[in-house]
Undergrad: 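If you scroll down you'll find the structure; I have some questions about it.
All chains are named by letter (A, B, ...) in the order of the sequence lines, taking the proteins before the strands, and each is independently numbered beginning at 1. We use all heavy atoms of the structure for the numbers below, so side chains are in, but hydrogens, waters and symmetry mates are not.
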Amino acid sequence: MFRFSKPLFVFALFFGSTVAIAFENYSGVGRAATPAEVKAWDIDVRPDFKGLPKGSGNVERGNELFEEKCASCHGSFGESNEVFTPLAGGTTKDDIKTGNVKGLSSGELPQRTTFTKVATISTVFDYVQRAMPWTSPKSLKPDEVYAILAYLLNLQEIVPADFVLSDKNIADVQKLLPNRNGMTTDHGLWPGAPAKKGGIGNGGKPDTANKACMKNCKPEVLIGSTLPEYARTAHGELADQYRSFGPVRGTRTLGPEAAKKAANAGTLELATKSGCMACHGMKSKIVGPGYSEVVARYQGQTDAESRLIAKVKAGGQGVWGSIPMPPNAHVKDEDITTLVKWILNGSK
Amino acid sequence: MGEINKQPGRLRAAPENFLSEAQIKDVAAGRRDFLRKSLFAAGAAGAALAAPKVVRAAEGDPNILENPPWTTSLGQPVATNPYGMPSKYESQLLRRESPGLARVGGASVSFCPLQGLFGIITPSGLHFERHHQGWHDIDPSKHRLMVNGSDDSLLKKAKVYTLDELMRLPSVSRIHFIECGANTGLEWGNVAVPTVQYTHGMISCSEFTGVPLKVLLEDCGVDYKKARYVLAEGADGSSMTRTIPMEMVESGEVFVAYGQNGEMLRPENGYPLRLVVPGVQGVSWVKWLRRIEVGDKPYATKDEAVHYIDLLPSGQHRQYSSIQEAKSVITTPSGGQTLLDKGFYNVSGLAWSGRGRIKQVDVSFDGGINWQTARLEGPVQNKALTRFNISWVWDGSPAILQSRAMDETGFVQPTYGQLRKVRGTKSIYHNNAIQSWKVIESGEVSNVQVL
C-alpha cells in the first residue's frame, strides 16, 4: 500500500498547485524545439519583413545567378511561358506611380505575370528562398535571393541597373511595386474574424443572392456557351473514361486514327508520370535537352536506342552540359524502353 | 440509342421483338426470308455466338441458361492480392490530367472521376491531386511536426512532435470534402471541358482522422489573445505555406490528420501528416505538414498573394478568399455520356458547402424554368459531400439538367449570370455556378452554360 500511496500523493500535490492549465498536460508527448531547430525551419518572411534574413545583392550578380539557376525554366528575362506563367513583364512606369496595374482592368494584358499581381515583395523573397530553383529548392543563400530579386525588380524597371537590394531598403522597394494597391480583402470568403473586429473581410457576407424559385422562374433559357468541337475530343476517348456498363456509356468521341494519337498521349502520360517532363520539354530544354534536340543529335545512330536506355536508367552528365540527369531507378525497365523509343520516334 | 441491342441482358427471344417497323411490315406482307439473316445478325452482335446459342437465346439469356465459368469452377484463395485492387473491369475510372492545363506534371492537377463514383466517400486511390513541386513518399519515422511562434511572446514553448507522439493524442474522425479553389476554374469564361471529371473533379471527400490543432497549440501554451493567425507549412520542396484564421482552430474544426478512409493518408495526399481545414479550399490543407507557426498577422505567402486570388472586373484581386461556397453538380448523367434508352433514370449528384450542411438540392430538367426538390441521402454532414438523387423518365426529347444547392445559412448556389455580374469572367477561383448538362435526342449529354 505504502509503495503506491506515495507517488499518488505527489501526483495530487502537483495538480493541486497547477490546476486548470492545459499547457503540458499530455505528459510524454512532444519535446521543446531547440533554438537551432526553430532557426532551421522558421524561414518565412512576412509583409512587415518579420523573418527577413540580413544580406544584400546587386542586379548584376542577380543577372548571373538567374542565367545559371533560373533561366532554363523561366527564360533569361523571366519571360518564358514554357514551364510556368512568366515572372516578369506586363507593367508600366505609370503603374509604378499608381500602384495599380492598369492592364488588369483594361483587358490589354495578354497574360498575368507574377509582377502584375504581387503587392508584397516579401512574398517573392519568401517563395524564392523556400522553393526555387524548382528542382533544388532551399539551395540559395540569402545574398543570392537578394541579388536575384534585384535583377527581377530591374527587369520590371522598378529599380536602376546599379541597384543593391538589402534588408535595409527592401521595405522601401515594396512601396514601389506596380500592383501594391491591387489587393482587396472586402469579401465574404475569409473564415475568421471580420475586418471590423481586427480580422479580414466582411464577416462572411456572400456577393450573390440567388433564390430557390421552383415554378416558372424565367421566361426562357439563355444559353451562354456550348462545348466547342475541339474541346469534345481534346480529352481523349471519352468512351474509355466511363464504365462499359451502367445507366449510360461514355460517348465515343474519337475515331481509330485519333485513338492512335491518344495512345501516344498515353506515352506522354507515362513520361509525365515518370517525372521526365519536369526536366525535358518536347522541343526545348528545361533542365535536360528537349526531345526534338535528342532526336536531332542521334539521327542515324543505330546504337542510340540501347545507349540512351542505359543512360536514362543510370543517369549521367556531360553530353548536354554539366547538369546531371539523376538515375531513374524508380521507372520500370520496360517503361524506360517505351519512353526512349517514343522520344527517338519524335514523341508524336 | 441504336446501341440498345448491344446492352447486356436484354432479351431478344422472338425476332418480332427486335424488328424495325419496316421489317414488321415486310413480315406482314409475307416476306419472311430475311428473318434467317436477322437471327444470324442478332447472334453475331452478342459476342460472336455460334448458331445453336442463337436458338437458345430465344429461350432466354445465355448468361442465365448456361452457367458461366465462375459458377462452375474454383476461385482464387484469400490474400491473392494482399492489398486488394478494383476489378479489372473498372480500369476506365482513373485520375486524369487535363491536356494543356499545366506544362509540367510536378506542378499540375489530376482530376477525380466523379462520373463513375457513388455515395460521398472518394476512394483514396482516386482522390484528386494538386502538387506544386511533385510528391514524395515520406519516411514517417523521419517526419517531424514543429509548432512555434512568429514571436516568443505568442507561445510559451516551441515544440517538436513525432508521429509516435501525435498518434498517442486524443483523436477525432470526421468526414469532410476538400475542393481546390480552382475547381471549375477552366469554365469561368465559357464552356471549355467535356466531362464532370474535368469541370468538377478537383473535389474529393474522405473520413480523416487526427488531432485537433487546438490540442497541440494549447500543449505549447499558445496565447490566443495575441496569436490570431496560423501559418501551416509543408515538408515538400515547395514547403507550401498558407495563413489560417485562429477562430477556426479555436472552434476545434481544424485538425492535423494522419488517417484517411481507415488507413494512413496516401503519399499524394500528404502522407504521413496533413492539415484538415473544413470548408476551406484545398491549398490550405497543407500536405506533408511539418510546421505550424502562430502569428499576429497574415503572411501573404505566394499562394495567397500571387495565386488563389480572385481577379475582379475592376482589376482588383480578392486576397485571402478561402471559403468554398455552396455548390452542386449532377454526376449521372453528365457531360460526355450517352443515355442508353428512353425511360427511367435515377439522376444523381453531389452537393456541398464550406459554410456548413446542405439543406436542400433542387433539380431542373428544363434549363432552370421549373425545379423539383431532390432526395438527400443522409445523414447530411457538416462541410462534407452530400449525395442527392431524383427520379426522371426521359421521353427522348431534348432537356437541360441542372442542380442547385442551398446550405443551412439559406445561401443558394448562383447562376452563371449572377456570378459573372459581380465577379466577371477572368477569375480562376471559386466558380460555384450552377452546372448545366444538355441532353439531345441521340441521348448524348454535353456541357453547356445557361446564364
Undergrad: Please classify the contact between B:Glu90 and chain A as side chain, backbone, both or neither, with a heavy-atom cut-off of under 4.5 Å.
TA: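 B:Glu90 touches chain A through side-chain heavy atoms alone.
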Undergrad: Do side-chain atoms of A:Thr208 reach the backbone of B:Leu419 as a donor and acceptor pair under 3.5 angstrom?
TA: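 It does not hold such a pair.
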Undergrad: Tell me whether the count of non-hydrogen atoms from other residues, nucleotides or ligands lying under 6.0 Å of NZ in B:Lys214 goes above 12.
TA: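 Enclosed.
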Undergrad: Select, from B:Gln197, B:Met406, B:Met146, the one with the greatest count of heavy-atom pairs under 4.5 Å involving chain A.
TA: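 Among B:Gln197, B:Met406, B:Met146, the one with the most close pairs to chain A is B:Met146.
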Undergrad: Using a 3.5 Å distance criterion without hydrogens, assess whether the side chain of A:Glu269 forms a donor-acceptor pair with backbone atoms of B:Arg96.
TA: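 No.
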Undergrad: For B:Pro298, is it the side chain, the backbone, both, or neither that has a heavy atom closer than 4.5 Å to a heavy atom of chain A?
TA: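 Contact with chain A involves both backbone and side-chain atoms of B:Pro298.
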Undergrad: At a heavy-atom separation under 4.5 Å, does B:Glu165 approach chain A through its side chain, its backbone, both, or neither?
TA: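 The answer is both parts of B:Glu165.
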Undergrad: Pick one of side chain, backbone, both or neither for A:Asn100, based on which atoms fall under 4.5 Å of a heavy atom in chain B.
TA: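 Contact with chain B is through the side chain of A:Asn100 alone.
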Undergrad: Keeping B:Gln133 on the side-chain end and A:Trp134 on the backbone end, is there a donor-acceptor pair under 3.5 Å?
TA: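 Pair found, side chain donor or acceptor close to backbone of A:Trp134.
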Undergrad: Do you know which of B:Lys421, B:Arg423, B:Gln413 has the most heavy-atom pairs with chain A at a distance under 4.5 angstrom?
TA: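 Ranked by contacts with chain A, first place is B:Arg423.
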Undergrad: With a 4.5 angstrom heavy-atom cut-off, is it the side chain or the backbone of B:Asp366 that approaches chain A, or both, or neither?
TA: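 It is the backbone, since no side chain atom gets that close.
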Undergrad: For the pair A:Thr123 (side chain) and B:Thr301 (backbone), establish whether a donor and an acceptor sit closer than 3.5 Å, ignoring hydrogens and angles.
TA: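 Pair absent, no side-chain N/O of A:Thr123 close to backbone of B:Thr301.
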Undergrad: At a heavy-atom separation under 4.5 Å, does B:His132 approach chain A through its side chain, its backbone, both, or neither?
TA: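 When you check distances to chain A, only backbone atoms of B:His132 fall under 4.5 Å.
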Undergrad: Among A:Lys215, A:Glu82, A:Lys273, A:Met183, which has the most heavy-atom pairs under 4.5 Å with chain B?
TA: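 Sorted descending by pairs with chain B, the first entry is A:Met183.
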Undergrad: Quick one: does any side-chain atom of A:Arg130 pair with a main-chain N or O of B:Thr241 as donor and acceptor, under 3.5 Å?
TA: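 No.
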Undergrad: Please lay out, stage by stage, how A:Asp44 and B:Arg291 fare under the test side chain to side chain contact (heavy atoms under 4.5 Å, CB included).
TA: CA-CA 11 Å; A:Asp44 63 83; B:Arg291 193 170 71 93; 2.6 Å; yes
Undergrad: Heavy-atom distances under 4.5 Å only: say whether B:Leu451 touches chain A with side chain, backbone, both or neither.
TA: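 The answer is both parts of B:Leu451.
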Undergrad: If you count heavy-atom pairs under 4.5 Å between each of B:Arg228, B:Gln281, B:Glu293, B:Met248 and chain A, which one has the most?
TA: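 Result: the option with the highest number of such pairs is B:Glu293.
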Undergrad: Can you tell me if A:Lys138 uses its side chain to pair, donor with acceptor, with the backbone of B:Gly237 under 3.5 Å?
TA: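 Side chain of A:Lys138 to backbone of B:Gly237, a donor-acceptor pair under 3.5 Å: yes, one is there.
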Undergrad: Determine whether B:Asp151 and A:Lys50 make a side-chain contact, defined as any pair of heavy atoms from C-beta on separated by less than 4.5 Å.
TA: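 Of all side-chain heavy-atom pairs linking A:Lys50 with B:Asp151, at least one is under 4.5 Å.
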Undergrad: In Å and rounded to the nearest 0.5 Å, what is the NZ to CZ distance from B:Lys157 to A:Arg31?
TA: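 These two atoms lie 10.5 Å from each other.
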Undergrad: What is the distance from atom NZ of A:Lys117 to atom CG of B:Leu311, rounded to the nearest 0.5 Å?
TA: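 So the gap between those two atoms works out to 9.5 Å.
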Undergrad: Taking the six-membered ring for Trp and the single ring otherwise, decide whether the centroids of B:His307 and A:Phe84 are under 6.0 Å apart.
TA: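 Between B:His307 and A:Phe84, the centre distance is under 6.0 Å.
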Undergrad: Please step through side chain to side chain contact (heavy atoms under 4.5 Å, CB included) for the pair A:Ile286 and B:Arg103, ending with a clear verdict.
TA: CA-CA 11 Å; A:Ile286 299 179; B:Arg103 298 134 180 104; over 6 Å; no
Undergrad: Considering only heavy atoms from C-beta outward, does the side chain of A:Lys211 approach that of B:Val412 to under 4.5 Å?
TA: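 They are not in contact (no side-chain heavy atoms under 4.5 Å apart), so the answer is no.
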Undergrad: Give, for atom CD of B:Gln92 and atom CZ of A:Arg243, the distance between the pair rounded to the nearest 0.5 Å.
TA: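 Spacing of CD (B:Gln92) from CZ (A:Arg243) equals 8.0 Å.
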Undergrad: Classify the ring geometry of B:Tyr320 against A:Trp190: parallel below 30°, tilted from 30° to 60°, perpendicular beyond 60°.
TA: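 Ring orientation of B:Tyr320 relative to A:Trp190: perpendicular.
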Undergrad: For the interface with chain A, which of B:Met246, B:Glu233, B:Glu97 has the highest count of heavy-atom pairs at distances below 4.5 Å?
TA: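 Answer, by heavy-atom pair count under 4.5 Å with chain A: B:Glu233.
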Undergrad: Go through the steps to decide whether B:Glu247 and A:Lys197 satisfy the test salt bridge (charged side-chain N to carboxylate O under 4.0 Å, His left out), and finish with yes or no.
TA: CA-CA 12 Å; B:Glu247 288 80 8; A:Lys197 290 197 178 140; over 6 Å; no
Undergrad: In terms of heavy-atom pairs under 4.5 Å with chain A, which of B:Ser91, B:Gly134, B:Ser239 leads?
TA: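 Top count of heavy-atom pairs under 4.5 Å with chain A: B:Ser239.
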Undergrad: Does any heavy atom of chain A fall under 4.5 Å from the side chain of B:Ala192, the backbone, both, or neither of them?
TA: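 B:Ala192 touches chain A through backbone heavy atoms alone.
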Undergrad: Please classify the contact between B:Ser98 and chain A as side chain, backbone, both or neither, with a heavy-atom cut-off of under 4.5 Å.
TA: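 Looking at B:Ser98, backbone and side chain both touch chain A.
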Undergrad: State whether B:Arg144 and A:Glu37 are salt-bridged, where the test is any N-O pair (Lys NZ or Arg NE/NH1/NH2 against Asp/Glu carboxylate O) under 4.0 Å.
TA: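 Answer for the salt bridge query: no.
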Undergrad: Between B:Gly354, B:Ala107, B:Gly105, B:Ser446, who has the most heavy-atom pairs with chain A when the cutoff is under 4.5 Å?
TA: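 Heavy-atom pairs under 4.5 Å are most numerous for B:Ala107.
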Undergrad: Evaluate A:Arg46 against B:Asp296 for salt bridge (charged side-chain N to carboxylate O under 4.0 Å, His left out), listing each step before the verdict.
TA: CA-CA 11 Å; A:Arg46 278 194 331 202; B:Asp296 54 356; 2.9 Å; yes
Undergrad: Answer yes or no: is there a donor N or O on one side and an acceptor on the other, between the side chain of A:Lys218 and the main chain of B:Gly367, under 3.5 Å?
TA: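 Yes.
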Undergrad: Relative to chain B, which segment of A:Ala32 carries a heavy atom at a distance below 4.5 Å: side chain, backbone, both, or neither?
TA: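 Both parts, heavy atoms under 4.5 Å.
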Undergrad: Quick one: pull up CG in A:Asp240 and CG in B:Leu93 and give me the separation to the nearest 0.5 Å.
TA: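 Here the interatomic distance stands at 11.0 Å.
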Undergrad: Which region of B:Tyr299, side chain (C-beta onward) or backbone (N, CA, C, O), has a non-hydrogen atom less than 4.5 Å from a non-hydrogen atom of chain A, or is it both or neither?
TA: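 For B:Tyr299, the contact with chain A is made by backbone and side chain together.
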Undergrad: OH of B:Tyr89: more than 12 outside heavy atoms within 6.0 angstrom?
TA: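 No, because the 6.0 Å sphere around OH of B:Tyr89 holds 12 heavy atoms or fewer from other groups.
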